[in-house]
Amino acid sequence: MISNQKKDHMRFLKNPTVADVAIGEYLSNTFTINRMGSTVTIKPDPKTGAVIFFMSTTCKDCNFEAIEAYSEQFQFKTYLFVDGKQSFIDELREKYKSFIIEQADISTLYTEINIEVVPWVYALNSMGQIVSGGIFNNIDRLRVKIAPLIDVFGTGDTSE
């Protein structure tokens with residue numbers, strides 16, 4: 001009995017605090033993104049899939065420079081959900097015209113599609129299945145997280 005009590009403090013190490021990426025599962029194609037009840041429908045590109053970012057302006061690890069670098073290197077269909085002020089969302093829309101950018105609420109995203117932490121990224125195949133994803137804070141980590149799409153489709157440029 002005492003030996004079990006001595007190990008109780010280590011139990012948390014066996015249970016991850018962030019949900020594993022559900023590889024092969026389908027991301028809900030329509031979900032609520034904020035407390036106002038706004039919904040979005042995810043439609044991956046029929047050839048190359050999609051990359052979906054979840055960020056916040058109040059998150060110290062949410063490096064928007066990684067998004068900048070991504071936009072310069074890749075042409076995948078991209079969704080960007082940001083928990084932040086509308087003025088910032090408008091700036092992002094002006095800067096990244098090819099992205100689908102929406103103001104979102106992280107607590108709503110958690111309830112709807114289990115986004116527990118930000119910055120988070122999902123890579124989806126053309127059928128909407130999650131092929132990879134996870135936490136990132138720079139372009140190198142981001143490239144690792146979306147590697148299955150990069151390995152198959154390169155930069156995601158469908159005009160080639």
Side-chain angles (χ1 to χ4, degrees), residues 12 15-139 141-150 152-153 156 158:
F12 73 93
N15 297 320
T17 57
V18 177
D20 290 333
V21 176
I23 303 297
E25 289 188 19
Y26 291 89
L27 182 68
S28 177
N29 65 340
T30 300
F31 52 89
T32 303
I33 57 172
N34 57 40
R35 293 180 183 134
M36 296 175 288
S38 301
T39 60
V40 69
T41 300
I42 303 293
K43 296 179 184 172
D45 183 276
K47 292 182 183 174
T48 61
V51 176
I52 306 173
F53 294 103
F54 303 92
M55 307 277 282
S56 172
T57 57
T58 60
C59 161
K60 70 178 178 79
D61 291 322
C62 290
N63 179 357
F64 284 89
E65 290 175 10
I67 303 295
E68 173 77 22
Y70 165 88
S71 74
E72 294 169 358
Q73 297 175 31
F74 300 103
Q75 291 83 40
F76 294 106
K77 185 168 186 180
T78 303
Y79 293 83
L80 175 57
F81 299 102
V82 180
D83 191 338
K85 294 183 179 180
Q86 187 61 49
S87 58
F88 185 69
I89 304 303
D90 294 340
E91 287 177 31
L92 290 173
R93 285 180 178 151
E94 187 62 32
K95 188 171 189 174
Y96 307 114
K97 294 184 186 295
S98 67
F99 290 14
I100 298 159
I101 303 172
E102 297 291 341
Q103 185 177 26
D105 175 70
I106 298 304
S107 61
T108 302
L109 291 172
Y110 172 72
T111 302
E112 290 287 310
I113 57 171
N114 203 32
I115 298 299
E116 296 181 9
V117 296
V118 289
W120 190 267
V121 64
Y122 277 131
L124 305 181
N125 66 14
S126 61
M127 301 299 294
Q129 287 177 297
I130 299 169
V131 295
S132 64
I135 299 169
F136 71 96
N137 62 354
N138 60 48
I139 189 61
R141 297 255 326 167
L142 176 56
R143 289 178 67 88
V144 169
K145 298 301 178 186
I146 65 170
L149 290 184
I150 297 169
V152 174
F153 302 112
T158 58

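Reckoned from all heavy atoms, side chains included, excluding hydrogens, waters and symmetry mates. As the structure is a prediction and not an experimental result, all values here were calculated from the model.
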>> For residues 119-134, which residue pairs pass the salt bridge (charged side-chain N to carboxylate O under 4.0 Å, His left out) check, not counting sequence neighbours?
In response: none

> Which pairs with one or both residues in residues 79-98 pass salt bridge (charged side-chain N to carboxylate O under 4.0 Å, His left out), sequence neighbours excluded?
Replying inline: Glu68-Lys95, Asp90-Arg93, Arg93-Glu102, Glu94-Lys97

> Can you tell me how far CZ of Phe76 sits from OG of Ser71, rounded to the nearest 0.5 angstrom?
Replying inline: 13.5 Å

> Mind checking whether Trp120 and Tyr122 have parallel, tilted or perpendicular rings, split at 30° and 60°?
Replying inline: perpendicular

> Hey, is CD on Glu65 packed in by over 12 heavy atoms from elsewhere, all under 6.0 Å?
Replying inline: no

> How would you list, by chain and number, every residue that makes a salt bridge (Lys or Arg N to Asp or Glu O under 4.0 Å) with Asp61, sequence neighbours excluded?
Replying inline: none

> So which heavy atom on Pro148 is nearest to which on Ser132, and how close?
Replying inline: CD-OG, 3.4 Å

>> Let's go through Arg35 and Ser107 carefully: what are the C-alpha distance in whole Å and the side-chain angles of both, what is the deciding distance for side-chain contact (heavy atoms from CB on, under 4.5 Å) to 0.1 Å, and is it a yes or a no?
In response: CA-CA 9 Å; Arg35 293 180 183 134; Ser107 61; 3.1 Å; yes

> Can you check whether Ile150 reaches Phe74 side chain to side chain, under 4.5 Å on heavy atoms?
Replying inline: yes

> About how many Å separate CD1 of Ile113 and CD1 of Ile42, when rounded to the nearest 0.5 Å?
Replying inline: 7.5 Å

> Can you tell me how far the CE atom of Met55 sits from the CG atom of Leu80, to the nearest 0.5 Å?
Replying inline: 7.0 Å

> When rounded to the nearest 0.5 angstrom, what distance separates CG in Asn63 from CD1 in Ile139?
Replying inline: 9.5 Å

>> Applying the side-chain contact (heavy atoms from CB on, under 4.5 Å) criterion to Leu124, which one of Ile146, Leu149, Ile52 satisfies it?
In response: Ile52

> What pairs of residues pass the salt bridge (charged side-chain N to carboxylate O under 4.0 Å, His left out) test when at least one of them lies in residues 121-132, not counting sequence neighbours?
Replying inline: none

Side chains of residues 22-33: which donor-acceptor pairs under 3.5 Å do they make with residues two or more places apart or in other chains?
{"residue": "Ser28", "atom": "OG", "partner": "Thr30", "partner atom": "O", "Å": "3.0"}
{"residue": "Thr30", "atom": "OG1", "partner": "Thr41", "partner atom": "OG1", "Å": "3.0"}

>> For Leu109 versus Ala104, what's the shortest heavy-atom pair and its separation?
In response: CD1-CB, 3.8 Å

>> For the CG atom of Asn137 and the SG atom of Cys59, what is their distance to the nearest 0.5 Å?
In response: 9.0 Å

>> I want to check something: taking the side chain as every heavy atom from C-beta on, are Ser38 and Gln103 in contact at a cut-off of under 4.5 Å?
In response: no

> With Asp45, which residues qualify under side chain to side chain contact (heavy atoms under 4.5 Å, CB included), at least two apart?
Replying inline: Lys47, Thr48, Lys77, Thr158

> Among Tyr79, Tyr70, Phe81, which residue meets the ring pair (Phe, Tyr, Trp, His ring centres under 6.0 Å) test with Phe53?
Replying inline: Tyr70

> How long is the span from the CD1 atom in Ile106 to the OG1 atom in Thr111, to the nearest 0.5 Å?
Replying inline: 11.0 Å

